Amino acid sequence: MAISIKINKTQQSRIDQCDFENIEFGKIFSDHMFKVDFMDGKWQNPQILPYGPILMAPSISALHYGQAIFEGMKAFKNPQGDALLFRPMDNIVRLNESALRMGMPEIPEELFMEGLSTLVSLEKDWIPTKEGSALYLRPFMFATDDFVGVRPSNNYSFIIFCCPVNSYYPKPIKVLVEEKFVRASDGMAGFAKAAGNYGISMLPTMEAKKKGYDQIIWTDGRTHEHVEESGTTNLFFIINDDTVWTPSLDGNILRGVTRDSCIKLLKQRGLKIEERRISVSEVIEAAKSGAMTDCFGTGTAAIIAKIAGIGYKGVDYMLPDSENRVISNWIYKTMYGIQTGNHQDDFNWVVNLK
Ligand SMILES: *Cc1c(COP(=O)(O)O)cnc(C)c1O
């Protein structure tokens, strides 16, 4: 089925106002966005239009009952100047898993891919090329019924907009093992990138910040004895630089594309991967004894967020200095190299939009 996207270009590009050397993450938006609407049981009217405010009724159900899901992905430029996407199919599949869980309609893969590639091709000049930068892409879907009542909406909008972003080398962060609040528990929607999962994380994170931490390590909702993930990143613990612990996908954690890419690269490098339930006590024990040589979170925004230390029951367990993190430094370089076409793509992750 050929998809025809109506294109309404902006009269006046804003690209000259963008200082590509200094971009604040998530604050600069490119000229255009892609939008398609779900009405009368089908997706219709796919279009590209200037990025800007959208008109909505105060009663739209997404704002009241939370049928709202999103994705996060990036586009890059290779040395030849082609626009590249990284594993976009994984984001489409995950968006549809989130949609299903939230009682929302799935979006056909070819419609998502056609909208995405048309938009990114049109916004190619917005893809920054400075080391570490990328065009961050935010696909999202939300319920638009003009109706007050708790039931699945009949109407939805799906939009993709773009933010040029510079490298996001956060300083290594201190994380706190959370023992009171819960992000997700069995039967809930932890695996979905559903807006409400992030809303409920704000207060616990604010409280951790007041205590001097940058982020939380979420633990399981029943016992708080097993680690799940940290903020919006999946967790990796490196033991003696040869063994990797990462929590298995138990339905409560997000199936990160970066997580999966990391596992595959670390396996290829010859490390032993242990994807399983990981207890807080073994993490603390390994940090205390010095066996934990590296520890980081993975996600699209930063690729790797190094963890400097872990707080648990009033004690901070500090980890090796940032420069000595052999594995996390290697992962970052390799992954960004693949994404930008500078490193061999053994797993066929990159889609060239040429
Ligand atoms: C998005 C997200 C991640 C990381 O997923 P990527 O696909 O690697 O960007 C991890 N945890 C949570 C809770 C997330 O929302």
Side-chain angles (χ1 to χ4, degrees), residues 25-26 66 68-76 85-99 101-102 112 116 134-141 160 162-163 165 167-168 170 173 175 178 181-185 188-202 204-205 208 214-221 227-237 244 246-266 275 278 295-307 328 331-332 334-336 338-339 347 349-351:
F25 194 99
I69 58 176
F70 66 97
E71 273 301 322
M73 56 202 299
K74 280 177 173 172
F76 306 85
L85 297 174
F86 184 71
R87 307 188 64 174
M89 285 307 294
D90 293 61
N91 295 95
I92 302 173
V93 167
R94 190 171 68 190
L95 182 85
N96 282 334
E97 286 170 1
S98 300
R101 177 63 184 83
M102 300 300 287
F112 184 116
L116 183 71
L135 188 65
Y136 184 81
L137 309 170
R138 170 51 58 90
F140 64 113
M141 190 199 296
I160 309 174
C162 321
C163 298
V165 296
S167 80
Y168 181 85
I173 57 172
V175 295
E178 177 62 58
F181 293 108
V182 178
R183 188 188 99 93
S185 199
M188 291 174 67
F191 65 89
K193 250 178 144 65
N197 286 343
Y198 303 84
I200 62 172
S201 76
M202 305 289 175
T205 308
D214 302 289
Q215 257 309 341
I216 280 171
I217 287 187
W218 295 106
T219 52
D220 71 281
V227 296
E228 301 264 12
E229 55 185 326
S230 178
T232 57
T233 64
N234 293 113
L235 281 170
F236 284 76
F237 306 96
V244 180
T246 193
S248 43
L249 300 173
D250 58 357
N252 298 328
I253 70 172
L254 212 285
R255 188 168 55 80
V257 178
T258 321
R259 171 188 183 276
D260 186 69
S261 308
C262 247
I263 290 175
K264 293 199 163 94
L265 288 173
L266 290 168
E275 199 181 342
I278 293 159
C295 176
F296 52 88
T298 64
T300 294
I303 304 180
I304 296 284
K306 288 177 190 167
I307 292 177
S328 49
I331 282 278
Y332 178 84
T334 308
M335 194 99 78
Y336 187 68
I338 295 172
Q339 289 172 331
F347 299 94
W349 284 334
V350 171
V351 174

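Just so you know, ligand 1 is whichever comes first in the structure, and atom 1 is the first atom listed for that ligand. Since we're looking at a predicted model, the values are computed, not measured.
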Sort and list the pairs that fulfil salt bridge (charged side-chain N to carboxylate O under 4.0 Å, His left out) and have at least one residue in residues 247-257, not counting sequence neighbours. Glu97-Arg255

Check the orientation of Phe296 and Phe236. Use parallel for under 30°, tilted for 30 to 60°, and perpendicular for over 60°. parallel

Salt bridge or not between Arg94 and Glu71? Use side-chain N to carboxylate O under 4.0 Å. yes

Quick check for students: name every N or O atom pair between ligand 1 and the protein closer than 3.5 Å, with distances.
| residue | atom | partner | partner atom | Å |
| --- | --- | --- | --- | --- |
| ligand 1 | 7 (O) | Arg94 | NH1 | 2.8 |
| ligand 1 | 7 (O) | Arg94 | NH2 | 3.2 |
| ligand 1 | 7 (O) | Val257 | N | 2.8 |
| ligand 1 | 8 (O) | Val257 | N | 3.3 |
| ligand 1 | 8 (O) | Thr258 | N | 3.0 |
| ligand 1 | 8 (O) | Thr258 | OG1 | 2.6 |
| ligand 1 | 9 (O) | Thr300 | N | 2.9 |
| ligand 1 | 9 (O) | Thr300 | OG1 | 2.6 |
| ligand 1 | 11 (N) | Glu229 | OE1 | 2.6 |
| ligand 1 | 15 (O) | Lys193 | NZ | 2.7 |
| ligand 1 | 15 (O) | Tyr198 | OH | 2.4 |

Do you know which two heavy atoms are closest between Ala192 and Ser98, and how far apart they sit? CA-OG, 3.5 Å

Under the side-chain hydrogen bond (donor to acceptor under 3.5 Å, both in side chains) rule, collect the residues that match up with Lys74, sequence neighbours excluded. none

For Thr233, give me all partners under side-chain hydrogen bond (donor to acceptor under 3.5 Å, both in side chains), at least two apart in sequence or on another chain. none

